[in-house]
Amino acid sequence: MSTEIFGPKDLLESLVRLEKNGYEFYSKASEKFDDLEVKEFFKFLANQELGHEKLYKELAEEVATSSSNTSRQSYDEEYNDYLQSLVENTFNFELDQNLKDVKNVYKFALGLEKDTIIFIGELRNILPDFKKEIFEKVEKEERGHIKLINDWYKKYINK
């Protein structure tokens with residue numbers, strides 16, 4: 001059984017939304033902590049999210065006008081359900097609730113970065129040759145963010 005699902009543009013727009021949420025989260029996290037280094041760390045991550053948001057917007061516009069998206073691809077129902085669940089679960093949270101304690105900040109930040117890597121992976125599956133080098137670069141940055149977040153947690157929280 002085959003059914004029409006999200007096109008690449010839809011997934012890119014989901015990434016835009018994810019980066020917006022990341023920007024808002026990291027901006028609020030930077031205001032929550034008194035330590036200047038911690039504030040700067042979260043401001044850095046917020047700015048990274050802004051850059052990625054802009055990139056994904058541009059890519060969404062490009063893929064919308066490219067031949068890669070002229071006919072939406074069909075996938076089996078299981079894959080369609082997986083992508084719909086991925087999108088629903090990724091955006092089902094209360095931002096302020098995640099800032100109540102530092103462990104929530106840590107867990108939520110890791111989740112944001114991991115979710116972004118998952119979305120990038122799905123885009124690379126759907127469009128294996130579209131802007132391959134850009135997705136590789138951004139995916140590497142997201143993996144670097146996970147390391148930075150873990151290092152921050154070890155240094156400032158889990159001493």
Side-chain angles (χ1 to χ4, degrees), residues 1-30 41-42 44-64 66 68-69 71-100 102-154 157:
M1 178 177 212
S2 180
T3 184
E4 188 172 77
I5 63 144
F6 299 103
K9 182 178 185 284
D10 302 313
L11 286 173
L12 282 161
E13 287 172 349
S14 293
L15 271 168
V16 168
R17 188 171 160 206
L18 188 59
E19 297 296 329
K20 280 182 182 181
N21 289 345
Y23 172 77
E24 185 178 341
F25 173 75
Y26 290 131
S27 293
K28 284 185 177 184
S30 75
F41 169 68
F42 284 119
F44 165 78
L45 289 173
N47 286 330
Q48 291 276 299
E49 301 298 293
L50 271 183
H52 292 164
E53 177 187 342
K54 181 179 182 241
L55 172 70
Y56 295 138
K57 280 181 182 176
E58 291 168 2
L59 291 174
E61 289 171 14
E62 188 175 337
V63 79
S66 77
S68 303
N69 201 38
S71 65
R72 297 183 80 173
Q73 297 179 350
S74 292
Y75 301 95
D76 65 35
E77 191 172 338
E78 185 176 335
Y79 188 70
N80 182 31
D81 291 345
Y82 158 72
L83 287 176
Q84 287 180 348
S85 294
L86 180 64
V87 169
E88 288 169 14
N89 289 319
T90 299
F91 300 110
N92 187 18
F93 61 84
E94 289 185 38
L95 195 57
D96 291 332
Q97 189 71 15
N98 291 298
L99 288 166
K100 285 201 173 179
V102 76
K103 286 189 180 182
N104 281 354
V105 171
Y106 169 72
K107 289 176 185 175
F108 189 78
L110 283 180
L112 278 173
E113 303 304 330
K114 288 177 184 178
D115 287 346
T116 302
I117 290 170
I118 290 169
F119 273 82
I120 291 169
E122 293 309 324
L123 276 164
R124 290 173 75 181
N125 284 337
I126 293 170
L127 295 171
D129 298 322
F130 180 76
K131 304 291 182 178
K132 186 177 180 176
E133 65 287 342
I134 291 174
F135 287 117
E136 287 172 358
K137 177 184 177 275
V138 176
E139 190 173 37
K140 183 178 179 182
E141 288 176 11
E142 301 294 354
R143 287 192 307 268
H145 291 173
I146 290 173
K147 182 183 180 330
L148 287 172
I149 293 164
N150 271 322
D151 291 348
W152 164 78
Y153 185 77
K154 289 175 188 174
I157 310 306

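Predicted, not measured: the structure shown is a model, and the values here were computed from it.
Residue Trp152 holds its CH2 atom at 10.0 Å from CG of Leu45, rounded to the nearest 0.5 Å. With rounding to the nearest 0.5 Å, the separation of CG in Leu55 from CZ in Phe135 is 7.5 Å. Expressed to the nearest 0.5 Å, how far CD1 of Ile146 lies from NZ of Lys114 amounts to 6.5 Å. Separating the CD atom in Glu113 from the CZ atom in Arg143 is a distance of 12.0 Å, to the nearest 0.5 Å. For the atom pair CG of Leu110 and CD1 of Ile149, the computed distance is 5.5 Å after rounding to the nearest 0.5 Å. Note that CD1 of Ile134 is 12.0 Å distant from CG of Leu123, once rounded to the nearest 0.5 Å.
Residue pairs meeting the salt bridge (Lys or Arg N to Asp or Glu O under 4.0 Å) criterion with at least one member in residues 115-130, sequence neighbours excluded: Arg124-Glu136, Arg124-Glu139.
Listed by chain and residue number, Glu141 satisfy the salt bridge (charged side-chain N to carboxylate O under 4.0 Å, His left out) test with Lys137 (two or more places apart in sequence, or in another chain). Not counting sequence neighbours, the partners of Asp151 by the side-chain contact (heavy atoms from CB on, under 4.5 Å) test are Lys147. Among residues two or more places apart in sequence or in another chain, the salt bridge (charged side-chain N to carboxylate O under 4.0 Å, His left out) test is passed with Lys54 by Glu58. Partners of Lys20 by salt bridge (charged side-chain N to carboxylate O under 4.0 Å, His left out), not counting sequence neighbours: none found. Scored by the side-chain hydrogen bond (donor to acceptor under 3.5 Å, both in side chains) test, Lys57 finds Glu53 as partners (sequence neighbours excluded). Applying the side-chain hydrogen bond (donor to acceptor under 3.5 Å, both in side chains) test to Tyr56 and every residue at least two apart in sequence or in another chain returns nothing. Not counting sequence neighbours, Asn47 has no partner by the side-chain hydrogen bond (donor to acceptor under 3.5 Å, both in side chains) test. Qualifying side-chain contact (heavy atoms from CB on, under 4.5 Å) partners for Leu148, counting only residues two or more places apart in sequence or in other chains: Phe41, Phe44, His145. Shown here are the side-chain contact (heavy atoms from CB on, under 4.5 Å) partners of Lys103, two or more places apart in sequence or in another chain: Asp101, Tyr153.
Heavy atoms only, all atoms of each residue included: Tyr23 and Ala46 are closest at CD1-O, 3.2 Å. Between Thr116 and Leu112, the shortest heavy-atom distance links the atoms OG1-O, 2.9 Å. Residue Glu13 comes nearest to Ala60 through the heavy atom pair CG-CB, 4.3 Å, listed as atom of the first residue, atom of the second, then distance.
A 4.5 Å side-chain heavy-atom check between Tyr106 and Asn150 finds at least one atom pair inside the cut-off.
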**Request:** Please report the C-alpha distance between Lys28 and Glu24 in whole Å, then the side-chain angles of each, then the deciding distance to 0.1 Å, and finally whether the side-chain contact (heavy atoms from CB on, under 4.5 Å) criterion is met.
**Result:** CA-CA 6 Å; Lys28 284 185 177 184; Glu24 185 178 341; 3.5 Å; yes
